[in-house]
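Reading through the structure tokens given below for one structure.
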2 protein chains.
Amino acid sequence: MTTAGSARRLSRDDWLDAAMTAMAHGGVRGIRVEPLAKAMRTSKGSFYWHFRDRADLVRATLERWEQLETDRVIEVVESTTHPRERLRRLLAIAHRQDPERPDPSVALTGDHDDPVRVVLERVTARRIGFVAEQLMALGIAPEEAARRATLAYTSYLGYAALVRSAPGVLPADQAVRRYIETVLTVLVSTTTEHRRDG
Amino acid sequence: MTTAGSARRLSRDDWLDAAMTAMAHGGVRGIRVEPLAKAMRTSKGSFYWHFRDRADLVRATLERWEQLETDRVIEVVESTTHPRERLRRLLAIAHRQDPERPDPSVALTGDHDDPVRVVLERVTARRIGFVAEQLMALGIAPEEAARRATLAYTSYLGYAALVRSAPGVLPADQAVRRYIETVLTVLVSTTTEHRRDG
DNA sequence: TAAAATCCATACGCAACCGTATGGAGCCTC
DNA sequence: GAGGCTCCATACGGTTGCGTATGGATTTTA
């Protein structure tokens, strides 16, 4: 009976897995030890053996999150060579409507004490920086690229917020692809206009 | 001694004012009756006289929020005739970095029971709709306008999230104006390219 | 197998909130 | 000026979560 469901001993990693899932739903503040223990069918006694306190768990979870949702995503995307394709691929990943995704809720829930903010600031800067690099590779001037990267990234965050709070207004599954094309096109547009309007 | 600070009788509106301020900081879940009472130097007894329960307060606060931050903003912006100027003005209002602003935190905190979601969905649809109208007035086809309006609005939400969680990565005060120009330009860009890249 | 190290369950105290119950102040009216 | 209405303070019970204490179970080591 060494089945997974049985009363096995738990590792620190088991707790981290659970914390990631919890963070996907409720953000950082969704990481609560008593509900976590209940979900894992164990007790707080286990938790406080593996972790000093809740802050310890939060910090460790954020480390893993950074590694998984930033380092690894960037690695994957960089396996494509063409900058425009990289962006397209990145946008596709970013707009996958998956409420199980731990990523955006981190940036979206708004309490955030200092330790959390530090990680968030670092991750955000890296992400926007990566997008800006691709835009520069496409011939956009550095400062303009930075602005457009910020536009792209904030849009990603807001999109994720709407997935949770008002999914009805977002493009339906089939239309997401078209939406991404619009974002991409607009991001790399050469602004040759200033045309008259209606 | 009818001074404001004295032990006056409170009205329902006084509670709503306080709730709006609380919502500005912690979103819907930041509306908590005991802390509110303490901040107003009164007791829960007062609250439960004016309101049935917390949900009652939340609903009323969201009504006021909708009226103030959607109806009135649209009114103000519509006093400008030129669609492009309307957008510019709207973007300027949207990107005022004011943590006291109750608006975005509503959409950003992710718990949201059904009643809240209803209001949120309605407000979001109206706002995106308004932006789309301006883009259509600028000659952009309806469906494309809807996509770009979504891009604009999600970007606004994400921007507001970063103001709270990672302000360091955002353009500094002086550069915000330039950022807004980029957003505006890109939003109304005629996509005449597909040019070769680096 | 006995001792030691790991790992976990239960019980406890503490704090923040929600909602209710109850006993008033203060004002209004007749 | 007595009774009634409006508004509020305090006290209480219930819930959820954090962190500690303590003993017991299980595995490892000697």
Side-chain angles (χ1 to χ4, degrees), chain A residues 1-62 105 109-116, chain B residues 1-19 21-23 25-62 105 109-116:
Chain A
M1 292 293 175
T2 27
T3 330
S6 290
R8 268 196 60 261
R9 308 282 266 242
L10 296 172
S11 70
R12 204 178 147 94
D13 265 2
D14 291 326
W15 282 97
L16 282 177
D17 288 342
M20 284 286 280
T21 304
M23 193 168 73
H25 291 94
V28 170
R29 105 177 77 206
I31 305 177
R32 284 166 302 183
V33 348
E34 281 184 346
L36 242 49
K38 189 171 297 181
M40 302 172 69
R41 314 171 116 262
T42 182
S43 68
K44 299 195 296 180
S46 171
F47 174 79
Y48 284 99
W49 173 260
H50 295 286
F51 296 87
R52 195 178 184 286
D53 54 15
R54 182 180 169 277
D56 188 18
L57 174 63
V58 168
R59 195 179 26 70
T61 307
L62 284 177
S105 24
T109 53
D111 44 348
H112 296 331
D113 44 3
D114 279 358
V116 174
Chain B
M1 293 294 175
T2 26
T3 331
S6 290
R8 267 197 60 259
R9 308 283 265 244
L10 296 172
S11 70
R12 204 178 148 93
D13 265 2
D14 291 326
W15 282 96
L16 283 178
D17 287 343
T21 305
M23 193 168 74
H25 290 93
V28 170
R29 104 177 79 206
I31 305 178
R32 284 166 302 183
V33 349
E34 280 183 345
L36 243 49
K38 188 172 299 181
M40 301 172 69
R41 315 171 117 260
T42 180
S43 68
K44 300 197 294 182
S46 172
F47 174 79
Y48 284 98
W49 173 259
H50 294 287
F51 296 87
R52 194 176 184 285
D53 54 15
R54 181 180 169 276
D56 187 19
L57 173 63
V58 168
R59 196 178 27 68
T61 307
L62 284 177
S105 25
T109 55
D111 43 349
H112 295 333
D113 45 1
D114 279 358
V116 173

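Both backbone and side-chain heavy atoms feed into the values below; hydrogens, waters and symmetry mates do not. In what follows, chains carry the letters A, B, and so on, assigned in the order in which the sequence lines appear, proteins first and then strands, with residues in each chain numbered from 1. Computed from a prediction, not measured in an experiment: that's the story for all the values here.
- Rounded to an integer number of Å, the gap from Phe51(A) CZ to dT20(D) P is 15 Å.
- Between the C1' atom of dT16(D) and the CD atom of Glu34(B) lies a distance of 14 Å, rounded to the nearest Å.
- Dashed line: the shortest gap from a side-chain N or O of His50(A) to OP1 or OP2 of dC8(C) is under 4.0 Å.
- Between the CH2 atom in Trp49(B) and the CZ atom in Arg12(B) there is a gap of 13.0 Å [rounded to 0.5 Å].
- Projected onto DNA chain D by closest heavy-atom contact, Asp53(A) and Thr42(B) fall at different nucleotides, the more 5' of which corresponds to Thr42(B).
- Taking the side chain as every heavy atom from C-beta outward, Tyr48(A) and Val33(A) approach each other to under 4.5 Å.
- Asp14(B) places a side-chain N or O within donor-acceptor distance of the main-chain N or O of Ser11(B), the cut-off being under 3.5 Å.
- Of the possible polar contacts, one joining the Arg54(A) side chain to the Ile31(A) backbone as a donor-acceptor pair under 3.5 Å is found.
- The distance between atom CG of Leu36(A) and atom P of dT16(D), rounded to the nearest whole Å, is 16 Å.
- We find that OH of Tyr48(B) is positioned 19 Å from C1' of dG23(C), with the value rounded to whole Å.
- Taking atom CZ of residue Arg29(B) and atom P of nucleotide dG17(D), one finds them 12 Å apart after rounding to whole Å.
- Look at CZ on Arg52(B): it is 16 Å from P on dC18(C), rounded to the nearest Å.
- Put simply, the side chain of Thr42(A) never gets that close to the backbone of Lys38(A): no donor and acceptor are under 3.5 Å apart.
- We find that CZ of Arg32(A) is positioned 17 Å from P of dT15(D), with the value rounded to whole Å.
- In terms of position along DNA chain C, the nucleotide closest to Ser43(A) lies nearer the 5' end than the nucleotide closest to the other residue of the pair Ser43(A) and Val33(B).
- Distance alone, capped at 3.5 Å, places no donor-acceptor pair between the His50(B) side chain and the Leu57(B) backbone.
- Distance from the side chain of Lys44(A) is smallest to dA11(C) among dC18(C), dA11(C), dC8(D).
- Using a 4.5 Å heavy-atom threshold, the side chains of Thr61(B) and Trp15(B) count as separate.
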For every nucleotide of nucleotides 22-27 of chain D, 5' to 3': is a protein heavy atom under 4.0 Å from its base (B), only from its sugar-phosphate (S), or from neither (-)? ----B-
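- The side chain of Arg54(A) lies closest to dG19(D), out of dG19(D), dT10(D), dC18(C).
- Phe47(B) has its CZ atom 18 Å from the P atom of dT10(D), to the nearest Å.
- OP1 or OP2 of dA9(D) has not a single side-chain nitrogen or oxygen of Ser46(B) nearer than 4.0 Å.
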